[in-house]
Number of protein chains: 2
Amino acid sequence: MQHVMPNATIRDVAREAAVSVASVSRALNGATNIRPELRDHIRAVADRLGYVPHAGARNLSLARSSTIGVVVPDLHGEFFSELMRGMDRQASELGFHLLLMVMHGEADRGVTALHAMRGRVDGLVVMAPQITSDELFAHLPKSMPSVLLNCAPHEGNRPELRVDNVAGAVAVIEHLAAGGCRRIVHVAGPEANIDAQERLRGTREACARLGLDLRVLQGDFNEDAGTRAITALEAEGAAYDAIFAANDNMAVGALMALKRAGITVPEQVAVAGFDNIPLTRLISPALTTASIDIAEFGARAVVRLVGLIDGERDDALEWRAPIVIARESTRQPTDNTTENPIRRGDRE
Amino acid sequence: MQHVMPNATIRDVAREAAVSVASVSRALNGATNIRPELRDHIRAVADRLGYVPHAGARNLSLARSSTIGVVVPDLHGEFFSELMRGMDRQASELGFHLLLMVMHGEADRGVTALHAMRGRVDGLVVMAPQITSDELFAHLPKSMPSVLLNCAPHEGNRPELRVDNVAGAVAVIEHLAAGGCRRIVHVAGPEANIDAQERLRGTREACARLGLDLRVLQGDFNEDAGTRAITALEAEGAAYDAIFAANDNMAVGALMALKRAGITVPEQVAVAGFDNIPLTRLISPALTTASIDIAEFGARAVVRLVGLIDGERDDALEWRAPIVIARESTRQPTDNTTENPIRRGDRE
DNA sequence: GTGCTTCATGTAACCGGTTACATCAAGAGC
DNA sequence: GCTCTTGATGTAACCGGTTACATGAAGCAC
């Protein structure tokens with residue numbers, strides 16, 4: 001009597017069951033053209049030997065790995081854990097695995113990573129917010145299905161998913177306006193940052209359309225910038241009733257500075273941020289902010305990628321419009337003004 | 001002149017360079033037994049064709065995938081992003097990739113996951129804190145190198161890494177006692193969770209040894225449980241001067257509830273958590289907590305696993321004792337013995 | 001010249017699966 | 001009886017790499 005052999009191959013099973021490898025393969029993969037008794041016998045033998053198919057070999061001959069490569073810039077914080085969560089849930093639902101690859105900022109490591117993926121994955125989800133992506137894309141073979149997440153603008157059409165910062169900023173301004181604010185101060189992010197630029201643009205558009213006063217102060221995404229903005233405004237005795245910071249960090253800085261200055265939030269000045277970092281729920285007053293559903297973002301990328309892998313045609317640039325998460329730092333809409341998440345159509 | 005072919009194989013390169021596949025392999029893998037001019041020529045041709053080796057095929061013939069399978073129970077929160085971060089950094093340093101596999105609680109999915117790993121990875125890092133892992137281990141072939149993280153007790157010796165929750169809880173209680181606390185409330189985690197059980201045990205031991213009052217409230221690791229605990233305590237007018245929650249989430253919930261109830265932290269009630277999620281630094285007052293260096297924990301698991309893969313012998317059960325990270329939510333130890341009793345909140 | 005060593009290169013087997021095609025037995029139709 | 005069809009099973013090629021071994025040319029000693 002044969003003992004369990006830890007790494008039995010299909011040929012071991014075939015020998016032990018006195019059949020050919022083809023029959024074993026058929027028995028285990030549920031092919032119909034095999035006699036039921038034989039199928040059961042083979043399965044029993046396979047069980048007895050503790051046979052588990054070698055996925056690598058299977059992948060090679062099927063030319064399919066059922067694996068999705070995930071290329072991300074870094075792994076800090078909750079954004080990534082949420083993103084991975086959404087991708088994983090969706091991938092496992094569709095029968096795919098996730099192979100993770102982090103390029104720690106260095107572009108050449110990104111290229112190496114991309115190469116290492118060849119023959120290991122069926123497709124890629126690539127997140128590369130750095131501007132240097134063009135080199136990366138040059139190494140992304142056309143034959144490799146891939147979905148881009150929040151990448152900087154680039155040559156050519158590719159299936160892509162982006163956060164609609166413009167729409168998010170518009171939604172925030174509309175929310176502020178609905179709460180009665182008329183004189184908005186926007187604390188902008190770094191000029192070179194694409195997200196910051198778009199948020200500023202949305203703010204400008206919405207204020208112009210709604211006839212609101214807008215003043216823009218330069219910031220840098222750090223908490224201090226929010227504090228400095230308030231200090232400066234108070235020093236010159238400026239009149240304003242809302243602060244919209246281009247990210248939550250700066251909004252928190254502004255909030256703290258307002259508190260110290262004895263200005264009540266949201267009664268005298270409303271404050272809103274962007275990103276929905278976990279902290280926003282916990283400070284007091286809780287911060288109104290805008291963000292997308294990150295897990296859904298990841299899941300959607302996986303769905304589209306699997307579509308591509310299955311041969312679908314897809315060149316679309318899809319946008320995810322952030323929704324406003326209204327908390328204590330802003331006044332709620334007074335009347336029946338709409339506060340729907342605004343989905344913008346194709347921008348240019 | 002030949003064009004770039006997207007999925008050139010080694011045989012394409014061989015034909016194009018008018019050499020054998022063996023030479024191509026040697027040229028690209030840096031073998032010494034090849035004429036330098038020929039090597040350069042082959043490399044040039046490979047470049048021109050855009051040849052990237054097929055990792056799957058390579059793995060099969062080398063019987064090595066340079067990939068580590070990571071089996072985790074779920075992906076919530078920052079613990080996992082930190083863990084993955086540590087593992088990823090170390091793995092990429094050692095030339096390994098990470099294949100992620102989440103078993104959402106269901107044990108049979110864990111077994112399926114394990115099988116799917118065969119022939120895809122060289123070894124596994126398995127984290128299975130809640131389920132009765134014995135079934136899982138039964139499906140973990142001896143031939144598959146694996147390192148266990150924080151698994152429930154089980155048969156036999158395996159290379160393993162565990163957080164010493166008992167020691168961590170003891171350290172927290174000692175820190176609270178050193179700050180003058182005498183009436184401790186422990187908000188416990190889920191009863192079925194091994195971490196929660198051990199933290200409770202450490203709390204019990206330390207309180208008994210130090211002669212502190214201890215009251216245990218059942219929780220579930222969610223923020224709400226902390227809030228509910230405070231609500232219940234206040235409703236009955238209980239006397240207590242410290243909350244030790246079995247994880248940070250619940251501690252944060254408690255902190256917020258205390259704030260809302262107008263109870264000062266840490267003057268009237270000190271609060272401590274467990275895990276050191278990044279959030280704890282950001283809230284106000286910053287939360288005292290206990291934790292291991294999670295990234296290091298993950299990195300160490302990878303190091304040991306790679307050792308196993310390389311044939312080292314290793315059956316050790318290694319412990320990581322958490323340290324207390326004292327922040328604003330607890331009083332710092334005063335010099336030798338007594339704390340000023342006036343500040344201590346007997347609030348009834 | 002022959003014989004021996006050394007070294008670059010090629011040939012073909014192998015990793016462990018899948019599957020097109022060949023084979024063969026049984027049953028149907030005449 | 002013979003032929004044709006049908007369906008189960010086996011044989012061997014293939015996926016794309018690596019590499020043991022074979023080959024053959026060059027170099028050297030005699």
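Chain A is the first sequence line, chain B the second, and so forth, proteins listed ahead of strands; every chain is numbered from 1.
- Taking atom CG on Leu38(B) and atom P on dG10(C), their separation rounds to 7 Å, with Å as the unit.
- OP1 or OP2 of dT18(C) has at least one side-chain nitrogen or oxygen of Ser25(A) nearer than 4.0 Å.
- Using a 4.0 Å heavy-atom criterion, one finds that Val19(B) contacts the sugar-phosphate atoms exclusively.
- Contact check, Asn33(B) against dT9(C): no side-chain N or O comes under 4.0 Å of OP1 or OP2.
- Within the 4.0 angstrom heavy-atom criterion, only backbone atoms of the sugar-phosphate kind lie near Asn29(A); the bases stay farther away.
- Interface remark: the Arg11(A) side chain does form a donor-acceptor pair with the dG16(C) base, using a distance-only criterion of under 3.5 Å.
- Between Ser61(B) and dT18(D) there is no side-chain polar atom (N or O) within less than 4.0 angstrom of OP1 or OP2.
- At a threshold of 4.0 Å, the pair Glu37(B)-Arg35(B) counts as salt-bridged, since one of the basic side-chain nitrogens sits closer than that to a carboxylate oxygen.
- Of all nucleotides listed (dT9(D), dG17(C), dG17(D)), dG17(C) comes nearest to the side chain of Pro53(A).
- For Ser23(A), the side-chain atoms get nearest to dG10(D) when compared with the rest of dG10(C), dG10(D), dT19(C).
- Of the candidates Leu99(A), Leu60(A), Asn59(A), Ser65(A) forms a side-chain contact (heavy atoms from CB on, under 4.5 Å) with just one, namely Asn59(A).
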message: Go through it in stages, so that I can follow the logic: the residues are Arg64(A) and Asp310(A), the test is salt bridge (charged side-chain N to carboxylate O under 4.0 Å, His left out), and I'd like the CA-CA distance, side-chain angles, deciding distance and then a yes or no.
response: CA-CA 11 Å; Arg64(A) 181 180 238 261; Asp310(A) 289 346; 3.0 Å; yes

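- For dG16(C), its base never sits under 3.5 Å from the side chain of Arg118(B) at any donor and acceptor pair.
- Comparing Ala57(B) and Ser20(B) against DNA chain C, the residue whose closest nucleotide sits nearer the 5' end is Ser20(B).
- One can place CG of Leu28(B) at 16 Å from P of dG16(D), the figure rounded to the nearest angstrom.
- At whole-Å resolution of the value, CG in Leu60(B) and C1' in dC15(C) are 4 Å apart.
- The side chain of Arg35(A) places an N or O atom within less than 4.0 Å of a non-bridging phosphate oxygen (OP1 or OP2) of dT9(D).
- For Ile10(B) and dC15(D), the CD1 to P distance is 14 Å, given to the nearest whole Å.
- For dG16(C), the base has no donor-acceptor partner in the side chain of Arg58(A) [N/O atoms by modelled type, under 3.5 angstrom].
- Among the heavy atoms of the strands, none lies under 4.0 Å from Ala63(A).
- A straight line from CZ of Arg64(A) to P of dG16(D) spans 16 Å, rounded to a whole angstrom.
- Residue Leu62(B) has its side chain nearest to dT18(D) when only dT18(C), dT9(C), dT18(D) are considered.
- When rounded to the nearest whole Å, the span between CD1 of Ile42(B) and C1' of dG10(C) equals 12 Å.
- With dT11(C), dG17(C), dG17(D) as the choices, the nucleotide that has an atom nearest any side-chain atom of Thr9(B) turns out to be dG17(D).
- Among Ile42(A), Asn33(A), Val21(A), the one residue that satisfies the side-chain contact (heavy atoms from CB on, under 4.5 Å) test with Arg26(A) is Asn33(A).
- Atom CZ of Arg26(B) is separated from atom C1' of dT18(D) by 10 Å (rounded to the nearest Å).
- Rounded to an integer number of Å, the gap from CG of Asn59(B) to P of dG17(D) is 11 Å.
- Proximity of a side-chain donor or acceptor of Asn29(A) to a complementary backbone N or O of Ala31(A) within less than 3.5 Å is not detected.
- Comment: Arg43(A) does not engage Asp40(A) in a salt bridge, judged by the lack of any side-chain N to carboxylate O separation of less than 4.0 angstrom.
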